[in-house]
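Chain letters run A, B, ... following the sequence lines, proteins first and then strands; every chain starts at 1.
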Amino acid sequence: MNYWLMKTEPGEFSIDDLKRIKEEPWTGVRNYQARNYMRDTMAVGDAVLIYHSSCEVPGVYGMAKVSHLAEPDAAQFDPKSKYYDAKARREAPRWWGVRVRFVKKLAVPVPLSVLKKDKKLQKMFLFTNGRLSVGAVTKAEYERILALAR
DNA sequence: GCCAACGTTGGC
DNA sequence: GCCAACGTTGGC
């Protein structure tokens, strides 16, 4: 069992959207490291923290789980999509995404400002590689963040 | 393979 | 809207 944190812009797709539709193919990731995590490492049942970025109060808002292994991201083949990639070919897809299933919305979200101040979270990828949109967290980090949500 | 230019992310 | 950090691209 692995633990992950996945960022999303709530203006595009939020924890409330996930709650409503239950399961979502995670499309639009255009970073190789994030893609590799999804394509090569994620397994069904892995725990996911849902993080809202580029919004009024960035932070962790919910819990989800990996519900399906990575599939080719359909948006890469759609010329009308902002995630279209002219260099991607169907027989050799460049971008992949897992499916994510809603688990719960945190009663009390954990803002970035709180994560930043927490001594146990200083080594999180959020701070060592802040631009990564999908990253691994340790079990200790995962549990610490949920403890902060209480 | 180096590295400058450029684009994107994302907090503030 | 600004800007720092960082990833990608492409010329050489």
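- In this entry the distance linking OH of A:Tyr37 with C1' of C:dG7 reads 15 Å, nearest Å.
- Atom pair A:Arg35:CZ and B:dT8:P shows a separation of 19 Å (rounding to whole Å applied).
- Set against B:dG11, B:dG10, C:dT8, the side chain of A:Tyr32 has C:dT8 as its closest nucleotide.
- In this structure, the CE atom of A:Met6 is 17 Å from the C1' atom of B:dT9, given to the nearest Å.
- By the salt bridge (charged side-chain N to carboxylate O under 4.0 Å, His left out) test, A:Lys139 pairs with A:Glu143, sequence neighbours left out.
- Contacts with DNA chain C (heavy atom under 4.0 Å) in residues 125-132 of chain A: A:Thr128, A:Asn129, A:Arg131, listed by number.
- Scanning residues 48-58 of chain A for heavy-atom distances under 4.0 Å to DNA chain B yields A:Tyr51, A:Ser53, A:Ser54, A:Pro58.
- Annotation: ring pair (Phe, Tyr, Trp, His ring centres under 6.0 Å) contacts of A:Tyr3 (sequence neighbours excluded): A:Tyr142.
- The stretch residues 94-134 of chain A participates, sequence neighbours left out, in these ring pair (Phe, Tyr, Trp, His ring centres under 6.0 Å) pairs: A:Tyr32-A:Trp95.
- Cluster partners of A:Leu69, using a side-chain heavy-atom cutoff of under 4.5 Å among ILVMFWY residues and allowing indirect links, are A:Val44.
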Quiz item: A:Glu141 and A:Lys120: side chain to side chain contact (heavy atoms under 4.5 Å, CB included), yes or no, with the steps?
Solution: CA-CA 7 Å; A:Glu141 288 164 347; A:Lys120 293 176 179 164; over 6 Å; no

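- Taking the side chain to side chain contact (heavy atoms under 4.5 Å, CB included) definition, one finds that A:Val103 meets it with A:Met63, A:Lys65, sequence neighbours left out.
- Straight-line distance from the CZ atom of A:Arg30 to the P atom of C:dT8: 13 Å, rounded to whole Å.
- Partners of A:Tyr83 by ring pair (Phe, Tyr, Trp, His ring centres under 6.0 Å), not counting sequence neighbours: none found.
- For residues 54-78 of chain A, the ring pair (Phe, Tyr, Trp, His ring centres under 6.0 Å) pairs, not counting sequence neighbours, are A:His52-A:Tyr61.
- Between A:Asn31 and A:Lys87, it is A:Asn31 whose nearest contact on DNA chain C lies nearer the 5' terminus.
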Practice problem: Decide side chain to side chain contact (heavy atoms under 4.5 Å, CB included) for A:Met42 and A:Asn2; before the verdict, give the C-alpha distance in whole Å, the side-chain angles of both, and the deciding distance to 0.1 Å. | Solution: CA-CA 7 Å; A:Met42 284 193 186; A:Asn2 304 303; over 6 Å; no

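- Taking atom CG of residue A:Asp85 and atom P of nucleotide C:dT9, one finds them 9 Å apart after rounding to whole Å.
- Applying the 4.0 Å criterion to OP1 and OP2 of B:dG10, one finds that A:Lys7 has a side-chain N or O inside that range.
- Put simply, CE on A:Met124 is 13 Å from P on B:dG10, counting in whole angstrom units.
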